[in-house]
Amino acid sequence: MASLRCFLRSGRNAVSVVLRREFHKTSPASVQVTVRDALNQAMDEELERDERVFLLGEEVAQYDGAYKVSRGLWKKYGDKRIIDTPITEMGFTGIAVGAAMAGLRPICEFMTFNFSMQAIDQVINSAAKTYYMSAGRQSVPIVFRGPNGASAGVAAQHSQCFAAWYGHCPGLKVVSPWNAEDARGLLKAAIRDDNPVVFLENELMYGVAFEMSEEAQSKDFTIPIGKAKVERQGTHVSLVTHSRYVSHCLDAAVVLAKDGIECEVVNLRTIRPLDIETIEASVMKTNHLVTVEGGWPQFGVGAEICAKIMEGPAFNYLDAPATRVTGVDIPMPYAKILEDNSVPQIKDIIFSVKKTLNV
């Protein structure tokens, strides 16, 4: 009887050891997080970490933000850290820039980046140029953030993509996240940066949930500004894109894979500085390039990428001309069917890939 108990006990111990080993083999825990909540978490953690950080903008405090990105922050940090402003972009942007020059680290929210045109003098002439004009003595640690580009049914005056506008200007860093991990890691990096950062979110992505790894949930998690990410490996064509259109490219890649076409999808993450090395490495691998963006074609992000590829070593690897997929060169129509035909769709990406590959 005693020997039987010993046998059973040893068996249980063996099973316990196996289970412990299997437990340690499991992948790190991941959770579903929306882009909105990822941005909220990033701001919350940076407000808590550094008392110099504060948020200001229209309806960011008591109303919890027009898109609820700042939900709960006013109740937690109060009027001195979360500040509602009048509807005067030039005024509150100037206040934010001055605060940054005085040693604070403001987050300046535009209800939409279309309204940042009211404050573009402050963003460019005051924030972007000061570090250079002061010979490096005066930094401007500020983040300009809010929804960018076309939404749905908001017509011509509310649908500009400012990636190329602000990417044109030396002195600025320009970030364009896609998923929740991008939003969280890049916003934390932007707030900690000593330079002015334009942080271009997408309204249509706010409510989209993505898996976030255990690593990305850490309070110390940041993503370096200026580094692209290959979201999908491929061998036939490089799809280089940013923001919402990473999703479109990944969906197009799934469709094209059924025809034996393997697309490599490069998520730019940052518009300025542009990670041209990652793009070149991808083009050298696939020998074909298609850029995808929601902005207008003339002088756009895709145009800059094509020019850099033509001027650099990757040009000799191209087997066909690079192709751009962009928004249509018109002010955004209000009617939905016209709007749908004014911004890139998955079918447009598929068509351009097949045209580039001549299939």
Side-chain angles (χ1 to χ4, degrees), residues 31 33-113 115-116 118-119 122-123 126-127 130 138-148 173 175 177 180-201 203 205-207 212 216-223:
V31 295
V33 180
T34 65
V35 171
R36 174 184 290 108
D37 287 342
L39 293 165
N40 181 275
Q41 290 170 13
M43 288 194 290
D44 186 5
E45 290 171 9
E46 293 306 303
L47 283 157
E48 186 176 64
R49 189 186 71 90
D50 188 343
E51 64 181 10
R52 296 172 298 172
V53 176
F54 71 97
L55 171 68
L56 81 167
E58 295 157 2
E59 299 182 354
V60 299
Q62 296 185 48
Y63 188 67
D64 281 340
Y67 301 99
K68 306 307 175 196
V69 173
S70 57
R71 182 169 47 207
L73 298 181
W74 175 69
K75 289 180 180 176
K76 185 172 180 180
Y77 296 101
D79 290 323
K80 289 188 177 180
R81 305 283 302 279
I82 313 297
I83 303 168
D84 276 332
T85 66
I87 304 174
T88 168
E89 279 75 17
M90 180 178 284
F92 69 73
T93 305
I95 289 170
V97 172
M101 291 179 180
L104 300 179
R105 305 186 80 88
I107 306 167
C108 178
E109 177 180 308
F110 296 119
M111 192 179 290
T112 158
F113 257 95
F115 301 160
S116 76
Q118 299 291 327
Q122 303 285 13
V123 176
S126 297
T130 294
Q138 179 65 65
S139 60
V140 187
I142 185 171
V143 178
F144 304 102
R145 53 154 294 271
N148 169 68
K173 294 183 178 181
V175 175
E181 184 174 304
D182 286 357
R184 178 177 166 81
L186 287 165
L187 183 54
K188 288 171 78 72
I191 294 169
R192 297 180 189 188
D193 202 290
D194 287 332
N195 300 282
V197 180
V198 172
F199 197 88
L200 304 171
E201 302 153 16
E203 180 185 338
M205 297 301 296
Y206 280 146
M212 187 179 286
Q217 295 168 48
S218 165
K219 287 188 176 183
D220 297 321
F221 175 74
T222 60
I223 293 172

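Fair warning: this is a prediction, and the values are worked out from it, not measured in the lab.
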Ile142 and Val197: side chain to side chain contact (heavy atoms under 4.5 Å, CB included), yes or no, with the steps? CA-CA 6 Å; Ile142 185 171; Val197 180; over 6 Å; no
Using the rule given for side-chain hydrogen bond (donor to acceptor under 3.5 Å, both in side chains), can you reason through Gln122 versus Ser126, listing the C-alpha separation, both sets of side-chain angles and the distance that settles it, and then say yes or no? CA-CA 5 Å; Gln122 303 285 13; Ser126 297; 3.1 Å; yes
Show your working on side chain to side chain contact (heavy atoms under 4.5 Å, CB included) between Arg49 and Lys219 and close with a plain yes or no. CA-CA 9 Å; Arg49 189 186 71 90; Lys219 287 188 176 183; over 6 Å; no
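Within a 6.0 Å radius of NZ in Lys68, other residues, nucleotides and ligands contribute more than 12 heavy atoms.
Residues Val33 and Gln41 form a side-chain contact, since some pair of their non-hydrogen atoms from C-beta on lies under 4.5 Å apart. The side-chain heavy atoms of Tyr77 and Asp44, taken from C-beta on, include a pair separated by under 4.5 Å. Side-chain contact check for Phe113 versus Pro147: every heavy-atom pair is 4.5 Å or farther apart. Glu201 is not listed as a side-chain neighbour of Asn148, based on a closest heavy-atom distance of 4.5 Å or more. Residues Met43 and Val69 have side chains in contact (heavy-atom distance under 4.5 Å, counting atoms from C-beta outward). Here the side chains of Phe54 and Ile82 are not in contact, with every heavy-atom distance at 4.5 Å or above. Using a 4.5 Å heavy-atom cutoff, the side chains of Leu73 and Asn40 are in contact. Annotation: side chain of Val97 is in contact with side chain of Met101 (closest heavy-atom distance under 4.5 Å).
Distance CD/Glu48 to NZ/Lys76: 4.5 Å, rounded to 0.5 Å. One finds the CG atom of Leu186 at 10.0 Å from the CG atom of Leu39 (value rounded to the nearest 0.5 Å). The CG atom of Leu104 lies 9.5 Å from the CG atom of Asp50; values are rounded to the nearest 0.5 Å. Put simply, OG1 on Thr222 and CZ on Arg184 are 10.5 Å apart, with the number rounded to the nearest 0.5 Å.
A salt bridge does not link Arg81 with Glu51: none of the charged nitrogens is closer than 4.0 Å to a carboxylate oxygen. Contact check on Asp37 versus Arg71 returns a salt bridge, with a Lys/Arg side-chain nitrogen under 4.0 Å from an Asp/Glu carboxylate oxygen. Between Glu109 and Arg145, at least one side-chain nitrogen of the basic residue sits less than 4.0 Å from a carboxylate oxygen of the acidic one, meeting the salt-bridge criterion.
When every heavy atom of Thr93 is checked against every heavy atom of Ala119, the shortest pair comes out as OG1-CB, 3.4 Å. Ala66 and Met111 get closest at one heavy-atom pair: CB-CG, 3.7 Å. When all heavy atoms are compared, the tightest approach of Phe144 to Pro196 is CE1-CB, 4.3 Å. Of all heavy-atom pairs between Ala100 and Val140, the closest is CB-CG1, 3.8 Å. Of all the heavy atoms in Leu47 and Val53, the pair that sits closest is CD2-O, 3.3 Å. What you find for Ala96 and Leu56 is that their closest heavy atoms are CB-CD2, 3.8 Å.
At distances below 3.5 Å, at least one donor-acceptor pair connects side-chain atoms of Asp84 with backbone N or O atoms of Ala61. Distance alone, capped at 3.5 Å, is enough to place a donor-acceptor pair between the Ser70 side chain and the Asp64 backbone. With hydrogens and angles disregarded, no donor-acceptor distance shorter than 3.5 Å links the side chain of Lys188 to the backbone of Ile223. With hydrogens and angles disregarded, a donor-acceptor distance shorter than 3.5 Å links the side chain of Gln217 to the backbone of Met212. Remark: side-chain polar atoms of Ser139 are not paired, donor with acceptor, to backbone N or O of Pro141 under 3.5 angstrom. Of the possible donor and acceptor atoms, none in the side chain of Tyr63 sits under 3.5 Å from a partner among the backbone N and O of Glu58.
Residues meeting the ring pair (Phe, Tyr, Trp, His ring centres under 6.0 Å) test with Phe115, sequence neighbours left out: His158. Listed by chain and residue number, Tyr206 satisfy the ring pair (Phe, Tyr, Trp, His ring centres under 6.0 Å) test with Tyr67 (two or more places apart in sequence, or in another chain).
Screening residues 92-107 for salt bridge (charged side-chain N to carboxylate O under 4.0 Å, His left out) gives Arg105-Asp194 as the qualifying pairs, with residues at least two apart or on separate chains.
For Lys173 and Phe199, the positive end is not near the middle of the six-membered ring at less than 6.0 Å and at most 45° from its axis.
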